[in-house]
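Notes follow the structure.
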Amino acid sequence: MRLSRYFLPILKETPKEAEIVSHRLMLRAGMIRQQSAGIYSWLPLGLKVLRKIERIVEEEQARAGAIQLLMPTIQSADLWRESGRYDAYGKEMLRITDRHEREMLYGPTNEEMITEIFRSYVRSYKDLPLNLYHIQWKFRDEVRPRFGIMRGREFLMKDAYSFDLDKERAVEAYNRMFVAYLRTYKRMGLTAIPMRAETGPIGGDLSHEFIVLADTGESEVYCHADYLGKETPGEDVDFNGDLTPIVSDWTSLYAATEDIVDKAEFEASVPEDKRIVARGIEVGQTFYFGTKYSEPLGAKVATSDGTEVAVHMGSYGVGVSRLLGALIEANHDENGIIWPKSVAPFHVGLVNLKPGDDLTDSVSEDLYGKLESAGIEVLYDDTDTRAGAKFATMDLIGLPFQVVAGPRGLKDGLLEVKDRATGEKEMLSPEATLNKLTAALTG
RNA sequence: CGGGGCAUAGCGCAGCCUGGUAGCGCAUCUGGUUUGGGACCAGAGGGUCGCAAGUUCGAAUCUUGCUGCCCCGACCA
């Protein structure tokens with residue numbers, strides 16, 4: 001993409017309302033624009049990252065056997081009356097009346113709707129296990145939206161729903177999502193620690209919140225330091241096999257949020273030098289809630305002996321839009337964002353320091369073409385602005401690599417290649433640059 | 001939902017107390033000089049001062065109501 005033809009509205013100054021670093025940087029880097037309290041437009045650069053996160057989530061959901069579909073944002077109140085949650089959900093639910101005076105709502109979650117779909121089609125235990133998910137915008141009318149995208153009212157969530165014959169198999173489904181989550185966050189360069197959690201209004205008796213440690217996190221968490229170095233299951237993990245050992249390993253050490261922490265137990269089970277008390281951002285939550293929805297909504301299947309039983313369910317959420325904020329909180333410096341390669345909006349920022357100069361133009365254009373051909377996403381700064389402004393912009397938007405084509409280096413046939421994360425710079429020939437970036441960014 | 005604050009050009013702000021028809025920096029546009037870490041000079045454009053009533057000869061400024069937004073706390077992917 002040529003910067004001269006892109007839409008990247010960078011801000012030099014920080015809008016006053018942005019209190020935390022991720023919000024500030026997202027506004028400055030032209031990723032989002034607030035339209036109303038807790039409601040944002042996604043500008044091109046922000047949308048690109050959002051899509052990359054979605055793709056990782058989709059790949060890991062598929063690996064774990066979940067099937068993607070798409071449910072609407074607007075739901076009928078009737079469905080929620082069946083589960084009893086229409087009145088129970090309270091003011092957080094945005095209620096809407098259509099032209100026929102029908103009561104509708106903007107979905108804050110989809111347990112009812114997915115259960116309705118399930119009960120309409122699935123009749124036999126032979127069709128189980130089943131795990132259906134979608135990635136869709138949710139709306140929760142928070143009393144106090146804040147922190148930019150981290151606590152918006154409208155947010156993008158991946159929510160998966162598992163259906164199984166009994167509790168034992170439902171826990172196996174739970175474990176598959178648990179392991180998928182470990183992998184999902186790891187692929188984005190985040191260490192998310194699963195912590196025992198309350199189930200809240202969704203209900204149930206088994207639940208974990210996946211927490212990323214960050215100073216600006218909203219809740220206080222207590223956990224064992226060894227979680228930070230724990231090995232994440234690899235691509236070869238067998239989702240058809242027994243995942244209990246992995247889940248046990250990842251739940252064996254103490255980890256709890258402030259809501260349910262037992263400080264005596266924390267201190268008894270964690271040696272003093274291993275105790276972490278920190279702030280954390282919740283980026284996902286898993287629930288097993290048995291027949292809480294399948295009973296009232298009549299989601300039943302026939303068993304092998306012909307009797308009908310309500311299915312055991314679980315639900316599994318990932319805050320996709322919130323993850324952007326969490327990623328920036330975890331990866332930035334005083335100059336801007338530092339994107340992990342897996343979610344970076346572009347891989348490389350190619351800076352032509354002197355557009356109009358035959359040498360910088362020809363070398364830049366040539367490298368731009370070759371990088372794109374190699375499948376590397378390049379933001380090519382071909383604009384006629386000053387060097388300092390170009391560097392500042394590149395640091396701000398945080399692409400993993402910057403390549404600078406300027407008269408000074410090209411006099412000797414060399415480009416400057418900068419690693420955004422380490423700040424290391426090296427002078428390389430165009431060919432060596434291409435080889436280095438191809439090696440670092442593909443395969 | 002309790003407490004506090006703000007609303008004046010795209011962004012950041014001054015002006016308000018003590019009413020006289022709006023200003024600064026950045027950004028934008030034009031010309032020129034510059035050009036390896038957010039340049040300089042000259043000129044230009046851009047505002048029904050959040051909305052609505054009221055007081056007044058006259059309201060950004062005083063009064064009342066409304067709306068929007070932000071911050072602190074209790075709640076949530």
Side-chain angles (χ1 to χ4, degrees), chain A residues 9-20 23-24 27-28 30 33-39 53 57 89-93 107-110 135-160 181 192 197-202 207-212 218-219 257-259 281-287 315-326 335-336 351-357 360 381 383-396 402 404-411 414-416 418 423 425 427:
Chain A
I10 298 284
L11 304 179
K12 252 170 109 169
E13 291 176 89
T14 306
K16 61 175 174 179
E17 74 272 14
E19 286 289 307
I20 64 169
H23 190 195
R24 235 170 16 235
L27 291 169
R28 289 234 292 127
R33 172 163 183 83
Q34 180 169 339
Q35 302 293 169
S36 172
I39 299 176
I53 293 172
V57 170
Y89 217 94
K91 288 192 166 180
E92 277 206 357
M93 184 147 77
T109 179
N110 285 66
I135 297 176
Q136 178 62 288
W137 292 93
K138 306 294 190 291
F139 196 94
R140 294 183 191 174
D141 200 358
E142 299 278 347
V143 262
R144 179 145 115 81
R146 65 184 122 170
F147 302 147
I149 225 63
M150 301 265 275
R151 174 175 307 287
R153 292 193 292 173
E154 187 182 51
F155 59 97
L156 188 60
M157 181 165 90
K158 187 280 314 187
D159 39 325
Y181 277 25
E198 291 190 79
T199 52
I202 295 183
S207 179
H208 289 90
E209 289 182 4
F210 286 73
I211 305 274
V212 174
E218 287 196 80
S219 53
T257 63
E258 60 190 332
D259 299 334
I281 301 167
E282 182 187 343
V283 291
Q285 187 163 8
T286 51
F287 301 89
S315 75
Y316 316 91
V318 170
V320 174
S321 47
R322 175 179 284 182
L323 267 169
L324 262 95
N335 295 321
V351 177
N352 183 345
L353 268 193
K354 198 172 180 184
D357 178 274
T360 64
D381 185 351
T383 61
D384 187 19
T385 48
R386 300 176 68 81
K390 291 187 179 216
F391 295 141
T393 296
M394 280 300 170
D395 285 348
L396 175 62
Q402 296 170 18
V404 178
R408 190 184 291 173
L410 286 177
K411 206 170 49 195
L414 297 176
L415 300 165
E416 181 185 284
K418 174 175 159 185
K425 298 174 183 175
M427 301 302 294

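In this text the structure is predicted, and so the values were computed from the model without any measurement.
- The residue Gly325(A) sits apart from the nucleic acid: no heavy atom pair falls under 4.0 Å.
- Glu142(A) has its CD atom 15 Å from the P atom of G73(B), to the nearest Å.
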Take nucleotides 35-41 of chain B nucleotide by nucleotide from the 5' end and write B, S or -, depending on whether a protein heavy atom sits under 4.0 Å from the base, only from the sugar-phosphate, or from neither. -BBBB--

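- Shown here, U30(B) forms a base pair with A42(B); the pair counts as Watson-Crick or G-U wobble because both key distances fall under 3.5 Å.
- Both distances falling under 3.5 Å, in either a Watson-Crick or a G-U wobble arrangement, place C13(B) opposite G23(B).
- For the pair Ser36(A) and Arg153(A), the tightest heavy-atom approach, listed with the atom from each and the gap, is OG-NH2, 3.7 Å.
- Interface remark: the Glu13(A) side chain does not form any donor-acceptor pair with the G10(B) base, using a distance-only criterion of under 3.5 Å.
- For Met150(A) and C75(B), the CE to P distance is 18 Å, given to the nearest whole Å.
- As rounded to the nearest Å, U28(B) and G38(B) have P atoms that lie 16 Å from one another.
- Between the side chain of Arg28(A) and the backbone N or O of Leu11(A) there is at least one donor-acceptor pair closer than 3.5 Å.
- Residue Met157(A) has its side chain nearest to A77(B) when only C1(B), A77(B), C75(B) are considered.
- The separation of C62(B) from C71(B), taken at their P atoms, amounts to 26 Å, rounded to a whole angstrom.
- When Watson-Crick and G-U wobble pairs are counted only if both distances are under 3.5 Å, G50(B) pairs with C66(B).
- Using the Watson-Crick or G-U wobble rule with both distances under 3.5 Å, U18(B) pairs with nothing in any strand shown.
- Here, G25(B) and A9(B) have their P atoms 16 Å apart, quoted to the whole Å.
- One atom, CD of Glu218(A), and another, C1' of C71(B), lie 14 Å apart when rounded to the nearest Å.
- Atom-to-atom, CD of Glu92(A) to P of A74(B) comes out at 16 Å; the value is rounded to the nearest Å.
- For the C1' atom pair drawn from G73(B) and U64(B), the interatomic distance equals 30 Å after rounding to whole Å.
- Counting only distance, with no hydrogens or angles, the side chain of Thr14(A) and the backbone of Arg24(A) share no donor-acceptor pair below 3.5 Å.
- Figure legend. U61(B) is base-paired to no nucleotide; pairs are counted as Watson-Crick or G-U wobble with both atom distances under 3.5 Å.
- To the nearest whole angstrom, the two C1' atoms, one in A22(B) and one in C29(B), are 22 Å apart.
- Exactly one residue among Asp381(A), Asn335(A), Leu353(A) makes a side-chain contact (heavy atoms from CB on, under 4.5 Å) with Phe391(A). That residue is Leu353(A).
- Exactly one of Leu323(A), Thr286(A), Ile53(A) qualifies for a side-chain contact (heavy atoms from CB on, under 4.5 Å) with Val318(A). That residue is Leu323(A).
- Residue contacts shown for Lys91(A) are limited to sugar-phosphate atoms, with no base heavy atom under 4.0 Å away.
- Between Arg144(A) and C71(B) there is a side-chain polar atom (N or O) within less than 4.0 angstrom of OP1 or OP2.
- Arg322(A) places no side-chain N or O within donor-acceptor distance of the main-chain N or O of Val283(A), the cut-off being under 3.5 Å.
- The backbone N or O of Gln136(A) sits less than 3.5 Å from a side-chain atom of Lys138(A), completing a donor-acceptor pair.
- Pairing partner, G73(B): C1(B), with both Watson-Crick or wobble hydrogen-bond distances short of 3.5 Å.
- Remark: Ser36(A) is in phosphate contact with C69(B), judged by side-chain N or O atoms under 4.0 Å from OP1 or OP2.
- A donor-acceptor pair under 3.5 Å links the side-chain atoms of Lys158(A) to the main chain of Tyr316(A), judged by distance alone.
- With A77(B), C71(B), C69(B) as the candidates, the nucleotide lying closest to the side chain of Gln34(A) is C69(B).
- Within 4.0 Å (heavy atoms only), Met394(A) reaches no atom of the nucleic acid at all.
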